[in-house]
Amino acid sequence: MLKLIQKKVLRSVTIDTHEEYENGTRIRTLPELIEFIKKNYNREFKVLYSSPSIIDNPFDPGSEFNRLCFFLYHVPDFILILDEVNFYTTANSIPEQLKILITQGRRQFIDIVGAVRRKVETNNILTSQANIVVSFKQRLPEDIDYLRDYIGKEAELIPALEPLEFVYGTDYETGRDKVNHNGEPVKFIEKVLDMNGGF
């Protein structure tokens, strides 16, 4: 689902640790990213950032990840896509610069889209700031209990979801959708794009 969002938005930076994304300019160093953004500051861009050291101690204030987040805070109007959020946060800890991006990025018109296998693997700051929460099939009661706060009664459906089926909750509604044969959850993605002004 993140790949579909990344494909549809006009300006994005995807932290692509495993180099699984294809739609964008592959960049592997922070100086290279800074130069690219300077040249494309007022244009559309899709960056696939895949530095081998990005996950090295992200909690260290001087880490590449913290420096990346600090830089990105000063780039307005884009979406940061974080796949495997649990590489960068834990239930008890979050890098300071990521915390600033999450809690104050809206001032710069920065949206963040992230994915994690289990909510308990990541920090509450992420979900406390979330406008949309999505869940595919899960079985552990503590995960389902947590999701109930965001998805409401739809959370009861989570253990019985079919492959590629998911439930979601927004500030305005909850629902159920399924990824179609093209890999697109059409109804849901259109709602997300509408809620966020098409990104």
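Separation of atoms CD (Gln97) and CD1 (Ile102) is listed at 11.5 Å; rounding is to 0.5 Å. With values rounded to the nearest 0.5 angstrom, Ser135 atom OG is found 11.0 Å from Glu165 atom CD. How far CD1 of Ile112 is from SG of Cys69: 7.5 Å, rounded to the nearest 0.5 Å. Taking CZ of Phe59 as the start and CD of Glu96 as the end, the distance is 12.0 Å to the nearest 0.5 Å. Taken from CD1 in Ile34 to NE2 in His74, the straight-line distance is 11.5 Å, to the nearest 0.5 Å. For the atom pair CD (Glu162) and CZ (Phe136), the distance works out to 13.5 Å, reported to the nearest 0.5 Å.
Counting heavy atoms from C-beta outward, Ser50 and Thr17 have side chains that stay 4.5 Å or more apart. For the pair Leu126/Thr89, a side-chain contact is recorded, criterion being any heavy-atom separation below 4.5 Å from C-beta on. For the pair Phe71 and Ile37, the minimum side-chain heavy-atom distance is below 4.5 Å. At a threshold of 4.5 Å between non-hydrogen side-chain atoms, the residues Asp56 and Ser53 count as touching. The closest side-chain heavy-atom distance from Ile27 to Leu48 is not below 4.5 Å. For the pair Val134/Val167, no side-chain contact is recorded, criterion being any heavy-atom separation below 4.5 Å from C-beta on. For the pair Ile81/Ile15, no side-chain contact is recorded, criterion being any heavy-atom separation below 4.5 Å from C-beta on. At least one side-chain heavy atom of Val47 sits less than 4.5 Å from a side-chain heavy atom of Leu33.
With hydrogens and angles ignored, the 3.5 Å screen pairs a side-chain donor or acceptor of Gln108 with a backbone N or O of Tyr73. At distances below 3.5 Å, not a single donor-acceptor pair connects side-chain atoms of Thr14 with backbone N or O atoms of Asp16. For Arg67 (side chain) and Gly62 (main-chain N/O), a donor-acceptor pair under 3.5 Å exists by modelled atom type. Side-chain atoms of Thr103 come within 3.5 Å of backbone N or O of Lys99 as a donor-acceptor pair. For Thr174 (side chain) and Gly169 (main-chain N/O), no donor-acceptor pair under 3.5 Å exists by modelled atom type. Counting only distance, with no hydrogens or angles, the side chain of Arg117 and the backbone of Glu84 share no donor-acceptor pair below 3.5 Å. A distance-only check finds no donor-acceptor pair linking the side chain of Arg118 to the backbone of Gln138 [under 3.5 Å]. Using modelled atom types, one side-chain atom of Lys46 and one backbone atom of Gln6 make a donor-acceptor pair closer than 3.5 Å.
Pairing each heavy atom of Pro58 with each of Ile55, the nearest pair is CD-O, 3.4 Å. Closest approach of Leu82 and Val85 over heavy atoms only: O-CG2, 3.4 Å. Residues Ala115 and Asp83 share a closest heavy-atom pair of CB-OD1, 3.8 Å. Nearest heavy-atom pair, Arg11 versus Pro76, reported as atom, atom and distance to 0.1 Å: NH2-O, 2.9 Å. The minimum heavy-atom distance linking Ser51 with Arg28 is given by the pair CB-O, 3.2 Å.
Remark: Glu32 does not engage Arg26 in a salt bridge, criterion side-chain N to carboxylate O under 4.0 Å. Look at Glu156 and Lys153 and you find no salt bridge, because none of the NZ, NE, NH1 or NH2 atoms lies under 4.0 Å from a carboxylate O.
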**OP:** Determine, stepwise, if the pair Tyr146 / Thr127 fulfils side-chain hydrogen bond (donor to acceptor under 3.5 Å, both in side chains).
**Re:** CA-CA 10 Å; Tyr146 179 83; Thr127 47; 2.4 Å; yes
**OP:** Tell me, with the steps shown, if Asp111 and Arg106 meet salt bridge (Lys or Arg N to Asp or Glu O under 4.0 Å).
**Re:** CA-CA 7 Å; Asp111 287 310; Arg106 69 185 178 283; over 6 Å; no
**OP:** Could you go through the side chain to side chain contact (heavy atoms under 4.5 Å, CB included) check for Ile125 and Leu98 one step at a time?
**Re:** CA-CA 10 Å; Ile125 287 178; Leu98 178 58; over 6 Å; no
Subject >> side chain to side chain contact (heavy atoms under 4.5 Å, CB included) evaluation trace for Leu147 with Val133 >> reply: CA-CA 8 Å; Leu147 289 164; Val133 175; 3.7 Å; yes
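Leu72 and Val113 fall into different hydrophobic clusters, where Ile, Leu, Val, Met, Phe, Trp and Tyr side chains are chained together by heavy-atom contacts under 4.5 Å. The cluster map of Ile, Leu, Val, Met, Phe, Trp and Tyr, joined by side-chain heavy atoms under 4.5 Å apart, puts Leu101 and Val9 in different clusters. Leu80 and Ile94 fall within a single hydrophobic cluster, where Ile, Leu, Val, Met, Phe, Trp and Tyr side chains are chained together by heavy-atom contacts under 4.5 Å. A single hydrophobic cluster is not seen to contain both Ile79 and Ile54; linkage of ILVMFWY side chains at heavy-atom distances under 4.5 Å, directly or through other members, places them apart. Following chains of ILVMFWY side-chain contacts shorter than 4.5 Å, one can reach Ile100 starting from Val75, so the two form part of one hydrophobic cluster.
Residue Glu22 qualifies as open at atom CD: its count of foreign heavy atoms under 6.0 Å is 12 or below.
Aromatic ring centres of Phe87 and His18: separated by under 6.0 Å.
Donor-acceptor pairing under 3.5 Å is recorded for the side chains of Glu64 and Tyr49. For the residue pair Tyr88 and Ser93, no side-chain donor N or O sits within less than 3.5 Å of a side-chain acceptor on the partner.
Among Asp60, Asn66, Leu68, Asn123, the one residue that satisfies the side-chain contact (heavy atoms from CB on, under 4.5 Å) test with Pro95 is Asn66.
A perpendicular orientation is assigned to the rings of Phe36 and Phe45, their planes being inclined by more than 60° (bins at 30° and 60°).
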